[in-house]
Amino acid sequence: MARCKLTIKSDFGVPLNDLFGIFFEDLNHAADGGLYAEMVQNRSFEFEPVDHEGYHETYAWEINHPDQAVISSDQPLNSKNLHYLAVKSGAEDLTVTNRGFNQGMFVQEDHTYLFSMFASAKEKGMVQVFLENSQHQQLSPTAVIAVDVPGWKKYQVVIKANQDSIEGRLVVKILPNSHLNLDMISLFPTDTFHHRENGVRRDLGEALAAMHPKFMRFPGGCLVHDGTLDPNDRESMYRWKNTIGPVEKRPTRRNKWGYNQTLGLGYYEYFQLAEDLGAKPLPVLPGGHDPHHKRAVPIDQLQPWIDDALDLIEFANGDTDTKWGKKRAELGHPKPFGLEYLAIGNEEVGQAFFDRYPYFHKAIRERYPNIKLINTSGPFASGSEFDRGWKSAKENGSDFVDEHYYMSTDWFLANQHRYDHYDPKGPKAFLGEYASKENKWYNAVVEASYMTGLERNADKVGLACYAPLLANVDYIDWDPVLIFLNQHQIAPTVNYYVQQLFMTYQGTHNVQYSIDGLSDPVVKDDQPITGQFGFEGDLAEVTYNNVTFTDRKSGNQQDFNGGQLLERKRQLIGQTDSDDYTLSFDATKTGGRPDKGFHLIFGQASDPDYFMWVLGGWENQDSIIKQRGAHGMESDWDQCQWTMESDHQYHFDIHVHDRQITTSIDGHQFNEIEIMPTVIQPLYSNMTFDEKIKSYYLKLVNVTDKPVTILLKDTHFQNGQYRELSADPETENKIGESNNLKINKTTVDGSSIRVQPYSVNVLISK
Ligand code: AHR
């Protein structure tokens, strides 16, 4: 076993500032049915099939006499909340029961719940409210509400549960001969995180706070910019002004992720949450551009969008005598929220966004020169859109560029030195979304290894957050995530614990040090890209022909028959072991899915273990060089914007030289990328110092199955504290199970430590 010596060289390196934070987006029912503590689903009877197939206005409600309850919009609560339940009971009780999310509401004995509703009496009405379980056993005493005024009025009562249930229901019983209108029927635990009204779940809030994030990016993600230009549309882009003020006056929204979004968790609540977490708020505003649907506000109509940005800064930071600062104070927070960061756009691709960004940038800089502005560089780690974002950031003087990538563990290991070559004088990278593709311990350890590189390059990477954060296990749109949840449980994933460790022990500055005696890295994959090649359909109808393979070393050429593609079936046509070759072909799209194209397969060693040139990927907007590794995980190495028009014959060339890939379409160069080999270091590490508490932290990450011993003699870590996370590489945390990760908190015993296989560690100086 290697025994290596640690030497500390100089106390101060570059500052880490707000390096590690979190990113919250309402996907996977992360807000409604997740973090947002509202227990009623569809509280305002606004669910519609446009939000989600199968939704309707009484979705999640059960009504015992449906003929006595209708959805009406004749006398709405307000113009943003059109639908309500009009009930007219007969000689019997009429019960209206909500089942909440998942299998039901989580009700706990002796806990109190705040029931509220808006009601108006057409004649008169008595309402009883209580909790029950799915077997109709009552879980709380009955509260009685007399609805006695004709106009809309808010009624509230606190209900105390006398039994536990994970299948709780809220029952609103309308007594005989009542004639009422009901809306905004709501139930919240009174014990929310930091006891905020309209707040977030305590267990989730505490789990987030326990990470000690330096910042919180919100509210998305694609959620922000996928939408229409009109803020009054149900599916408009995420416009922050729609999300503040009384919850009953916030419009209902079709969430991009395929469900209804109440906006109950809105900008005020996000700012409040960030403050409660001790994290700096980092909002993302739409830049008047939706790359998903190629919508862009005309430049001469951009002002309201720019005003949204300026007003948001005033809302967060302005004095209480300013218009928006006053609004903040009226909502209950006279003190400014201390906004420092603001992102315009998310994963933007195409010139249209970058034509608009400068207008935002200039207006914000002029009025608020201290706000740090974040530009975007698309959803890929390399390629035309990535370059376009960085070019714009440099030209405009953005402070940060938001980079996003979701890649395989091999990609992260191959790209450990990505940021070593960034310019410390240029805009800093904000790694606003990243994750390796699974929630297994091996993924988490590899992410930890990558995070040591982020720390080491803190002069070039200013901010970084894993994505996404939360997923309700019964409504998953996107995983892996940091925390799985249902109504009564949460399961922090093994990846969560890595993030938590790095945030808790981030430190304020890097420290110069060396570890001598480590064995050489293992290079897993440095062979030329050779193997089988062919075509694969992707649901568009494509004809290919004039296929030629040229071995550029020998000059030999081989021609292949053409063919047709539609289904996702692979047609392998040839094989090579040359390290320098070109594949040329023509292809025409004749029908099938308009948002799709086809794939060229190459470098296939086995299945899965191959490369793809994805033509017409992501909504038919991309030319991507994708790798599907032996483990099945995919990485998009390089992306350029390209759309495959129908009925046009294109000529394609791909040139593979060793591990260098270049592509061209109709003679114009597109992708250019070197597929870096997977290099596995025996140990990944970084040392920081925390000025506030005068502590040194040494992170040690072992992604291998071999232990490493580090001699700590004459260093700050001798007899210091020691945190160790370890597990079998396949280990995962699942909802309902206890934590499968071994978490060891101990003191360094003597003058060396053994870094266990597959472990993430931090040593804390004495
Ligand atoms: O984090 C999930 C999604 O991934 C985000 O909404 C988007 O920005 C990215 O494509």
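These figures come from a predicted structure and were not determined experimentally. The figures here come from the full heavy-atom set of this structure, side chains too, leaving out hydrogens, waters and symmetry mates. As the structure lists them, so they are numbered: ligands from 1, and atoms in each ligand from 1.
Across all non-hydrogen atoms, the minimal contact from Tyr422 to Phe386 is OH-CZ, 3.5 Å. Between Asn733 and Leu741 the shortest heavy-atom distance is OD1-N, 4.1 Å.
When heavy-atom distances to ligand 1 are checked against a 4.0 Å cut-off, Tyr434 has no atom that comes that close, whether in backbone or side chain.
Glu455 contributes no side-chain N or O that, together with a main-chain N or O of Leu16, makes up a donor-acceptor pair within less than 3.5 Å. Under the 3.5 Å distance criterion, the side-chain polar atoms of Asn42 are matched with a main-chain donor or acceptor of Phe47.
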Exercise for the section: Apply side-chain contact (heavy atoms from CB on, under 4.5 Å) to Glu38 and Thr262, showing your working. Expected result: CA-CA 10 Å; Glu38 174 63 83; Thr262 63; over 6 Å; no
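Looking only at heavy atoms of the protein, atom 1 (O) of ligand 1 is closest to Tyr406 OH, 2.7 Å. The protein non-hydrogen atom at the shortest distance from atom 6 (O) of ligand 1 is Glu25 OE1, 2.6 Å. Atom 4 (O) of ligand 1 has as its closest protein heavy atom Glu433 OE1, 3.0 Å.
Residues Leu454 and Tyr419 have side chains in contact (heavy-atom distance under 4.5 Å, counting atoms from C-beta outward).
Considering backbone and side-chain atoms together, Leu27 places no N or O closer than 3.5 Å to any N or O of ligand 1. Considering both main-chain and side-chain atoms, Trp478 never comes within under 3.5 Å of ligand 1 through any nitrogen or oxygen pair. For Glu347, a nitrogen or oxygen atom sits less than 3.5 Å from a nitrogen or oxygen atom of ligand 1, counting backbone and side chain alike.
The atoms of ligand 1 that sit less than 4.0 Å from any heavy atom of Gly221 are 5 (C), 6 (O), 8 (O). Which parts of ligand 1 touch Trp257 is read off a 4.0 Å heavy-atom cut-off, strictly below it: atoms 6 (O). Taking a cut-off of under 4.0 Å to the non-hydrogen atoms of Cys222, the atoms of ligand 1 that pass are 5 (C), 6 (O), 7 (C), 8 (O), 10 (O). Atoms of ligand 1 found under 4.0 Å from any heavy atom of Asn346, numbered from 1 in the order shown, are 8 (O).
Partners of Trp390 under the side chain to side chain donor-acceptor pair (under 3.5 Å) rule, at least two apart in sequence or in another chain, are Glu403.
Distances shorter than 4.0 angstrom occur between a heavy atom of Pro468 and an atom of ligand 1.
For the side chain to side chain donor-acceptor pair (under 3.5 Å) condition, the pairs that include at least one residue of residues 278-292, sequence neighbours left out, are Asp18-Lys280, His225-His292, Lys280-Glu340, His289-Glu348, Asp290-His293, Asp290-Arg295.
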